[in-house]
2 protein chains.
Amino acid sequence: MNQLKQLLSSSKLKATHQRMVILEAVKSNKVHPTVDQVYESIREANPGISLATVYKTLETFVENGLINKVSTTEGLKRYDSNLGAHGHIYCLNTNEIIDYYDEDLNRIIIDFFKTKRINNLKIKNISLNINGDKLDPAKEVIIK
Amino acid sequence: MNQLKQLLSSSKLKATHQRMVILEAVKSNKVHPTVDQVYESIREANPGISLATVYKTLETFVENGLINKVSTTEGLKRYDSNLGAHGHIYCLNTNEIIDYYDEDLNRIIIDFFKTKRINNLKIKNISLNINGDKLDPAKEVIIK
DNA sequence: GTGTTTGCAAAAGCTTTGCAAAGTT
DNA sequence: AACTTTGCAAAGCTTTTGCAAACAC
């Protein structure tokens, strides 16, 4: 709890109860939740926190680099608390978004962009999107 | 014009005037337009085509593999008529989405996934997203 | 002629806003 | 005390829907 407070303070954000609850909720959610999923996940324990606050707070976190947005093709905002370099697996049949990271691939891509030039662009980050179907929707996707 | 008709017929879609106009509009638009941008681009020449039709038609095209959706973090749908394997450059200051393709990178990534396994997933396609800032928003991004 | 597609207007879903009250430092 | 954040309800977008009329084959 005090860690969250520190995290907020270091971004010069006031450590309100709402922000702590919401930050905790996104951080512990590994499915790249929508605003509504975050809201629902805290609602029972915090019936007083409004949906509008969840909207505003998540955007504030993004602006301050505490979390990121994930791209989707569905026209819905989804958030990601994993700040490390990583890609995503988009599961076309279950709609899940699963983190993907591979040390070797990361190296390969970084090396590649050392040799290629993109003029007039300052690259902020690069991510790989894998689209696929879960063969058995009940089972997990396992990356080896 | 007859090419569009053929394209539609080969997907077993009736070649209506609306579909031809909309398909032509997405195909000639390189900026990965939103629904509204497609609508605006045809409106003057085709005041009778309704926004609802543009919505429905673009989704029909995606379902039939004539175009694709592009992922965004803004919670808006955007479309792409480039069907080849390629990635995107997301320009954080201008909001443009620019196609990116490199033969070598494509090879490297394909080779990589021949050696790595992702269990329980059937990969449909892989794309690379580059996020960055245009240094001079007036100039084009040039990929060398 | 049969079945599909369109336009309209209404509804539904997602997100933002304005402002007074409450909270943080 | 000064300034920021919250909740509410309303407004603003984006997208979908139901259905009768129009259209393609």
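A note on names: the letters A, B, ... follow the listed sequences, proteins ahead of strands, and every chain is numbered from 1. Since the structure is predicted, the reported quantities are computational estimates derived from the model, not experimental observations.
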Protein-nucleotide distance ([X], atom [atom1]; [N], atom [atom2]), rounded to Å:
X       : N      : atom1 : atom2 : value
A:Ile42 : D:dG7  : CD1   : C1'   : 13 Å
B:Gln6  : D:dA24 : CD    : C1'   : 17 Å
A:Leu8  : C:dG23 : CG    : P     : 18 Å
B:Met20 : D:dC25 : CE    : P     : 9 Å
A:Leu13 : D:dC3  : CG    : P     : 18 Å
B:Lys69 : D:dT14 : NZ    : P     : 16 Å

Quiz prompt | Path from B:Val70 to B:Tyr39 over hydrophobic side-chain contacts below 4.5 Å | solution =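 Different clusters: B:Val70 never reaches B:Tyr39 through Ile, Leu, Val, Met, Phe, Trp or Tyr contacts under 4.5 Å.
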On the nucleotide [N], are OP1 or OP2 found under 4.0 Å from the side-chain N or O atoms that [X] carries?
X       : N      : value
B:Lys77 : D:dT16 : yes
A:Gln18 : C:dA22 : no
A:Thr16 : D:dT6  : yes

Practice problem: Among B:Asn131, B:Asn82, B:Asp99, find the one that has a side-chain hydrogen bond (donor to acceptor under 3.5 Å, both in side chains) with B:His88. | Solution: B:Asp99
Self-check item: Residue pair A:Arg43, A:Glu40: steps toward the salt bridge (charged side-chain N to carboxylate O under 4.0 Å, His left out) verdict
Solution: CA-CA 5 Å; A:Arg43 203 151 83 89; A:Glu40 286 303 330; 3.2 Å; yes
Quiz prompt | Straight-line distance of B:Asn125 CG to B:Leu83 CG, nearest 0.5 Å | solution =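 Reported value, rounded in 0.5 Å steps: 11.0 Å.
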Self-check item: CG on A:Leu105 to CZ on B:Phe113, rounded to 0.5 Å
Solution: 5.5 Å
Quiz item: Is the NZ atom of B:Lys122 crowded by more than 12 outside heavy atoms at less than 6.0 Å?
Solution: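 Not buried by this count: 12 neighbours or fewer within 6.0 Å.
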Quiz prompt | DNA chain D contacts made by residues 48-59 of chain B, counting heavy atoms under 4.0 Å | solution = B:Ala52, B:Tyr55, B:Lys56
Practice problem: Just grab all the side chain to side chain donor-acceptor pair (under 3.5 Å) pairs involving residues 133-144 of chain B, residues at least two apart or on different chains. | Solution: A:Lys124-B:Asp133, B:Glu96-B:Lys134
Quiz item: Start at the 5' end of DNA chain D and walk down; is the nucleotide closest to B:Lys14 or to B:Val35 reached first?
Solution: B:Val35
Quiz item: What does the inter-axis angle of the helix from C:dG1-D:dC25 to C:dT25-D:dA1 come out as, five pairs per end, nearest 10 degrees?
Solution: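 It works out to 50° between the end axes.
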Quiz item: Quick one: which of B:Val38, B:Val26, B:Thr34, B:Asn68 gives a side chain to side chain contact (heavy atoms under 4.5 Å, CB included) with B:Tyr79?
Solution: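 The single option meeting the side chain to side chain contact (heavy atoms under 4.5 Å, CB included) with B:Tyr79 is B:Val26.
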Quiz item: Under the 3.5 angstrom rule, does the side chain of B:Thr53 hit a backbone N or O of B:Ile49 as a donor-acceptor pair?
Solution: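 Flag not set: sc B:Thr53 to bb B:Ile49 has no pair under 3.5 Å.
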